[in-house]
Amino acid sequence: MTNGTKSALVTGITGQDGGHLAQLLHEQGYTVYGLVRGQRNPKKAEVEREYPYVELIEGDLTDATSLFRAVEVANPSEIYNLAAVSHVGYSFDNPSLTADVTGKGVLNLLEAVRLTGRSESTRVYQASTSEMFGGLDYNRPGRGYNEQSLFHPRSPYGVAKLYGHWIARNYRESYGMFVSCGILFNHEGERRGLEFVTRKVTNAVARISLGKQDHIVLGDLWPKRDWGYAGDYVRGMWQMMQHSEPDDFVLATGQTHSIEDFLTLAFAEVGIGDWRPYVQQDPRFMRPAEVDILLGDPTKAETVLGWERYVDFPGLVNLMVMHDLEFERSTSR
Ligand code: NAP
Ligand code: G4F
């Protein structure tokens, strides 16, 4: 299905999801605009190389004026707000910045849409997160969080995202704007930042197997996450924006695995059966408050939107390790 008349503005274009989404929107025939921040952002050249069809606009979620300008220039039918301070560990060290970007930045963007007179013509996607839940859903043991579950964020990131979530819902209710929130559980892939645990592991596994590195240093290994593939999840974001009504949707796999499980599969990909000799732990990578387990229930997205996933957990680990092996073979570092 293509739609040549639509244009989209994607914030967070230099991030993991921004890349996957830019590709999907381009394939659907959209004119794609991407918000990029900073005077000399090194990732700008990467976007220009990998997604040459994206028209870049300079702006920052903390700078309301720049967002007004971006909205005026792009005049988008859809805005995907993916930009955020998105690393949970980093948010503990930088809580104020996280509140400004991940929380108040959402308000700045919604105001840019409303005050430029686009409340009725522009649909907005807000990147909400399973970090807003913060652990086990004791009301639904074993069945996972859904759209009705209670929130209990356990990090400055989760708290800031919860503000973004509620202000997005408030603009939907107050001004009748089409604002949908995707409550996404962890999604990973070959474009995942190296600071997140899955990519840190697959990159290290590739380097260890090629003799470029001899161990990896991690934090806690027992937490469990509901890990899916980012390519599947950006399709869900787009489906939310095509739906007849704005709403909230959980995207998840309905399965949860520990970091130890991830290590076992990743090392097995390169023929290493026992990963323990290669893994060290350091409190530096542990958090003041941890989310022990995340498990999501995607029934609503599956039934209402027809959302499907094509990559399962072993497939995800395989594609990430294979990608990193190829990349590490091609560089001498
Ligand atoms: P990511 O790779 O960390 O990308 C974050 C993006 O935000 C980057 O493009 C970054 O740009 C941009 N950004 C940071 N501060 C900004 C600012 N002040 N103004 C404008 N842009 C700024 O994140 P992701 O994994 O793609 O996730 C996309 C969104 O979904 C995020 O909001 C994240 O919190 C949320 N989310 C992610 C997951 C997941 O598992 N991936 C799950 C649930 C929700 P620079 O290049 O300039 O730093
Ligand atoms: O990969 P992580 O940093 O992802 P986390 O904290 O679950 O957050 C990600 O998913 C959220 C959705 O639930 C997003 F909203 C958020 O933006 C981000 O994309 O950590 C996963 C687990 C944690 O329990 C962490 O403590 O891995 C543990 N961990 C253990 N060692 C580590 C490390 N995490 C990182 N980043 N680095 C380590 O060395």
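Source: prediction; values computed, not measured. Order of appearance sets the numbers: ligands from 1, and atoms from 1 within every ligand. Along the sequence shown, residues carry numbers from 1.
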| message | Check this for me, if you would: do Lys224 and Asp292 make a salt bridge, where the nitrogen-to-carboxylate-oxygen distance has to be below 4.0 angstrom? | response | no
| field | Tyr233 touching ligand 1 at heavy-atom level, < 4.0 angstrom | value | no
| request: Determine, stepwise, if the pair Tyr229 / Tyr310 fulfils ring pair (Phe, Tyr, Trp, His ring centres under 6.0 Å). | output: CA-CA 8 Å; Tyr229 177 54; Tyr310 297 99; over 10 Å; no
| Going by heavy atoms, is Ser128 under 4.0 Å from ligand 1? | yes
| remark: The protein heavy atom nearest to atom 19 (N) of ligand 1 is Leu61 N, 2.9 Å
| message | Do the side chains of Lys300 and Asp247 get close enough for a salt bridge, i.e. N-O under 4.0 angstrom? | response | yes
| task | With heavy atoms under 4.0 Å as the rule, classify the contact between Lys161 and ligand 1 as side chain, backbone, both or neither. | result | side chain
| field | ligand 1 contacted by Asn41 (non-hydrogen, < 4.0 Å) | value | yes
Short N or O separations between ligand 2 and the protein, below 3.5 Å:
residue: ligand 2; atom: 1 (O); partner: Val197; partner atom: N; Å: 2.9
residue: ligand 2; atom: 3 (O); partner: Arg287; partner atom: NH2; Å: 2.9
residue: ligand 2; atom: 6 (O); partner: Arg287; partner atom: NH1; Å: 2.6
residue: ligand 2; atom: 7 (O); partner: Asn186; partner atom: ND2; Å: 2.8
residue: ligand 2; atom: 7 (O); partner: Arg225; partner atom: NE; Å: 2.8
residue: ligand 2; atom: 10 (O); partner: Asn186; partner atom: ND2; Å: 3.0
residue: ligand 2; atom: 13 (O); partner: Ser130; partner atom: OG; Å: 2.6
residue: ligand 2; atom: 13 (O); partner: Asn186; partner atom: OD1; Å: 2.8
residue: ligand 2; atom: 17 (O); partner: Ser86; partner atom: O; Å: 2.6
residue: ligand 2; atom: 17 (O); partner: Tyr157; partner atom: OH; Å: 2.8
residue: ligand 2; atom: 19 (O); partner: Arg192; partner atom: NH1; Å: 3.2
residue: ligand 2; atom: 19 (O); partner: Arg192; partner atom: NH2; Å: 2.9
residue: ligand 2; atom: 24 (O); partner: Arg225; partner atom: NH2; Å: 3.1
residue: ligand 2; atom: 24 (O); partner: Glu290; partner atom: OE1; Å: 3.2
residue: ligand 2; atom: 24 (O); partner: Glu290; partner atom: OE2; Å: 2.9
residue: ligand 2; atom: 26 (O); partner: Glu290; partner atom: OE1; Å: 2.6
residue: ligand 2; atom: 31 (N); partner: Gly219; partner atom: N; Å: 2.8
residue: ligand 2; atom: 36 (N); partner: His87; partner atom: NE2; Å: 3.3
residue: ligand 2; atom: 36 (N); partner: Glu195; partner atom: O; Å: 2.9
residue: ligand 2; atom: 39 (O); partner: Lys200; partner atom: NZ; Å: 2.7

| field | Closest approach of any protein heavy atom to atom 8 (C) of ligand 1, naming residue and atom | value | Thr14 OG1, 3.4 Å
| message | Under 3.5 Å between any N/O of Gly18 and any N/O of ligand 1: does that happen in this structure? | response | no
| query | Can an N or O of Lys43 be found at a distance shorter than 3.5 Å from an N or O of ligand 1? | reply | yes
| field | Qualifying ring pair (Phe, Tyr, Trp, His ring centres under 6.0 Å) pairs with a residue from residues 88-121, counting only residues at least two apart or across chains | value | none
| query | Are any of the heavy atoms in Arg191 under 4.0 Å away from ligand 1? | reply | no
